[in-house]
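Written out below as structure tokens is the structure these notes cover.
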Amino acid sequence: ALDRLRVFIEVLARMSVRATEEQAKRIFKLAIDFGKKPAFQHVWLFDALEHLINYSLKSIPESLHHELLPDALSFPLLAEIGIKDHKEWPNPIIKFPGVRVQNASLDRRIDEIIDAIAPCSSKSAPALLRILPLLEAGFLKDSECQNIIEKIWVNTPDYQTLPNTGLLGRALLTLPAQDPGAVRVLVRQYLFEAKGDAIFEPLLLTDVVSASKADDVNEQPNEVQACDYFSRLVAWRPKHSDNDPLGFFERTEERKGKWIGAALARSVVPALPTAVLTEENFGKLNSFFSEVDSPEAIIAFVYFSANNTCFADRVEKLIRQGLQKQDANKVAYSSYALLKWKALEGDSPATSRLISRLVFLIWSNRMVGLSALLWSANQMYNNNYLSVGDIESLVEILPVIFDNADYRRISHVSQEAVSISLVRAECVRLARNILIDHQNEDCELLRVLEEAKQDALPEVRFATKNA
């Protein structure tokens, strides 16, 4: 019976992405009700139930998510269903809670979720993840924030040790605290003063990158810390093991290399003083980039070229080659590097040539990394980085790309099928932004927007609503 039930729930989940907004709301609430029933709290149903919740939520515009907040919060936490240490239990999270209105049952449920925060325990993560969007939106009351402080830090904290919350350390900068300044000092010490091989721990590297990219928190090392991290990170190379028949160790080292490259690009190199953006350090970074498979590291090079034009030709070549790779990630990060270079330096012959190359690659309708190229072109359009000729080329090709990305034209077992909806969504966003400035000047772009409203997948239907 459980096998059949799991299949039925999974089928409903797959169908929910095509549901109307009202149908998706009903499916979401049905999934919440399922989760409250003991018969559905079986480990065999966890994945299917999570899919039902997530897929139906994606079929509802973000502007309406606040209507579902009471239902999402009422879904039982893992600690409340009596199953221990099973991370796959669904945890519905509403990121846009709206404005708080007086509601006694909502108040009571928020208090229950806060009470589920266990002091210095990774088991607190599900409750904190449910609460974090409410904190970021200013949805919680002062008394609730104080209760969170007492749960996380217990009695009188000395701010000498990071409490274990089950989340990244940088999350403590978002969570309320009695002394936010002391918490910031403690988190920065953890992030940017790692000793020995601790600097290469994937969890720390993830934290460093996340702290530099988060909307609510932007923490980077100071110049001294950045110089120390740079010299140690660029010297890293993957280790090899002769006793790794299944390749687990090798894959771990590969992931570590990617996170090191991300930390260099997003956090460390941007914080380096200009005096150390030298030929020697460029060479060290280039050696790391050529010997370690870390596509994101290419973004770090533009800080050298933006500071000194003597690096421009070499960085231009790296990005041009990256844009033409057959690896979608390499194409994507090369386009992000170009975007960052343009933002740092402004107009230059090198960035102008590369932007023309990027537009040409889009115009050629080459599928590898196309969604990322379209996203970058959209950012460039919004920042007035594109020439009149670039914009005209995009206006001409966008409807063609959108039509060629029709689901019926793509084999469902092909590599293109993985990203085809993302390509369509980026076409819609870019078309919308162009039409804002050129009202009624291109009927084909208007057609793209109208067809997108009826698309089978929510990421395309809501491309303009959720942008």
Side-chain angles (χ1 to χ4, degrees), residues 122 125 128-129 132 136 152 159-175 177 180-239 251-274 276-277 281 284-285 287-289 291-304 329 332-333 336-337 339-340 343-344:
S122 60
L128 288 171
L129 288 171
L132 268 173
E136 293 168 350
I152 293 174
Y159 298 110
Q160 297 299 310
T161 306
L162 283 179
N164 183 3
T165 63
L167 306 179
L168 293 175
R170 72 98 180 156
L172 291 168
L173 300 174
T174 302
L175 293 166
V183 174
R184 182 169 182 262
V185 169
L186 181 60
V187 171
R188 286 185 58 83
Q189 183 180 17
Y190 158 71
L191 290 175
F192 306 124
E193 296 181 15
K195 306 300 181 185
D197 287 346
I199 191 176
F200 304 122
E201 288 297 322
L203 184 59
L204 174 63
L205 293 167
T206 305
D207 228 333
V208 168
V209 174
S210 178
S212 70
K213 294 168 64 175
D215 293 333
D216 58 327
V217 174
N218 192 304
E219 292 290 341
Q220 291 184 324
N222 62 36
E223 291 184 351
V224 174
Q225 293 166 334
C227 289
D228 174 54
Y229 269 30
F230 178 83
S231 63
R232 295 161 65 191
L233 290 175
V234 295
W236 181 88
R237 296 295 183 274
K239 298 176 182 177
R251 287 192 290 273
T252 299
E253 291 293 282
E254 287 178 358
R255 286 193 294 270
K256 190 181 294 185
K258 286 179 168 57
W259 279 113
I260 290 172
L264 285 166
R266 303 292 187 175
S267 181
V268 176
V269 175
L272 288 175
T274 57
V276 303
L277 297 174
N281 283 333
K284 291 178 180 178
L285 179 62
S287 294
F288 171 86
F289 184 67
E291 297 174 27
V292 178
D293 183 20
S294 183
E296 196 165 354
I298 196 171
I299 299 171
F301 288 102
V302 304
Y303 292 91
F304 287 82
N329 283 330
Y333 286 121
Y336 305 157
L339 190 61
K340 175 57 71 174
L344 291 171

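Quick caveat: nothing in here was measured; it's all calculated off a predicted structure.
Distance check: Phe288 CZ to Ser294 OG gives 4.5 Å after rounding to the nearest 0.5 Å. Here Ile298 contributes atom CD1 and Asn329 contributes atom CG; the two are 12.5 Å apart, rounded to the nearest 0.5 Å. Separating the CG atom in Leu272 from the CG atom in Leu277 is a distance of 5.5 Å, to the nearest 0.5 Å. Note that CG of Leu167 and CG of Leu129 are 5.0 Å apart. Values are rounded to the nearest 0.5 Å. Trp236 contributes atom CH2, which lies 11.0 Å from atom CG of Leu264 (distance to the nearest 0.5 angstrom). If you take CG on Leu233 and NZ on Lys284, they are separated by 12.5 Å, rounding to the nearest 0.5 Å.
Considering only heavy atoms from C-beta on, Pro180 stays 4.5 Å or farther from Val183 through its side chain. The shortest distance between side-chain heavy atoms of Gln220 and Pro270 falls below 4.5 Å. Taking the side chain as every heavy atom from C-beta outward, Pro221 and Asp228 never approach each other to under 4.5 Å. Using a 4.5 Å heavy-atom threshold, the side chains of Val187 and Val217 count as separate. Contact check for Ile152 versus Leu128: side-chain heavy atoms found under the 4.5 Å cut-off. Taking the side chain as every heavy atom from C-beta outward, Leu186 and Leu162 approach each other to under 4.5 Å.
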Practice task
Evaluate the side-chain contact (heavy atoms from CB on, under 4.5 Å) criterion for residues Phe301 and Phe289: first the C-alpha distance (whole Å), next the side-chain angles of each, then the deciding distance (0.1 Å), finally the verdict.
Solution key: CA-CA 10 Å; Phe301 288 102; Phe289 184 67; 3.7 Å; yes
Practice task
Walk me through it: do Lys258 and Asp293 pass the test side-chain contact (heavy atoms from CB on, under 4.5 Å)?
Solution key: CA-CA 7 Å; Lys258 286 179 168 57; Asp293 183 20; 3.3 Å; yes
Handout entry: Residues Ser267, Tyr229; criterion side-chain contact (heavy atoms from CB on, under 4.5 Å); working and verdict
Key = CA-CA 10 Å; Ser267 181; Tyr229 269 30; over 6 Å; no
Handout entry: Working for side-chain contact (heavy atoms from CB on, under 4.5 Å), residues Val269 and Ile299
Key = CA-CA 9 Å; Val269 175; Ile299 299 171; over 6 Å; no
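Taking the six-membered ring where the residue is Trp, the centroids of Tyr333 and Tyr336 are separated by under 6.0 Å.
At most 12 heavy atoms of other shown residues, nucleotides or ligands fall within 6.0 angstrom of atom NZ in Lys340.
With Trp259 as the partner, the side-chain contact (heavy atoms from CB on, under 4.5 Å) test is satisfied by one option alone out of Val208, Leu203, Thr206, Leu204: Thr206.
Ion pair Arg266/Glu296 flagged as a salt bridge, since at least one NZ, NE, NH1 or NH2 atom sits closer than 4.0 Å to an Asp/Glu carboxylate oxygen. In summary, Glu253 and Lys256 engage in a salt bridge, as defined by a charged side-chain N under 4.0 Å from a carboxylate O. Taking a cutoff of 4.0 Å between a charged side-chain nitrogen and a carboxylate oxygen, Arg188 and Glu193 do not qualify as a salt bridge.
Side chain of Asp207 to main chain of Leu168: no donor-acceptor pair is present (N/O by atom type, distance under 3.5 Å, no hydrogens or angles). Without hydrogens or angle criteria, Arg184 side chain to Glu219 main chain gives no donor-acceptor distance under 3.5 Å.
Closest non-hydrogen pair, Leu205 versus Ala263, comes out as CD2-CB, 4.1 Å. Across every non-hydrogen atom of Leu172 and Pro163, the tightest pair is CD1-CD, 3.8 Å. Looking at every heavy atom in both residues, Gly166 comes nearest to Ala125 through O-CB, 3.9 Å. The nearest pair of heavy atoms linking Leu285 to Ala300 is CD2-CB, 3.8 Å. Minimum interatomic distance between Gly257 and Val292 (heavy atoms only, all atoms of both residues): CA-CG1, 3.9 Å.
No hydrogens or angles considered: a donor-acceptor pair under 3.5 Å links the side chains of Arg170 and Ser210.
Using the six-membered ring where Trp is involved, Phe304 and Phe230 have ring planes that are tilted, between 30° and 60° apart.
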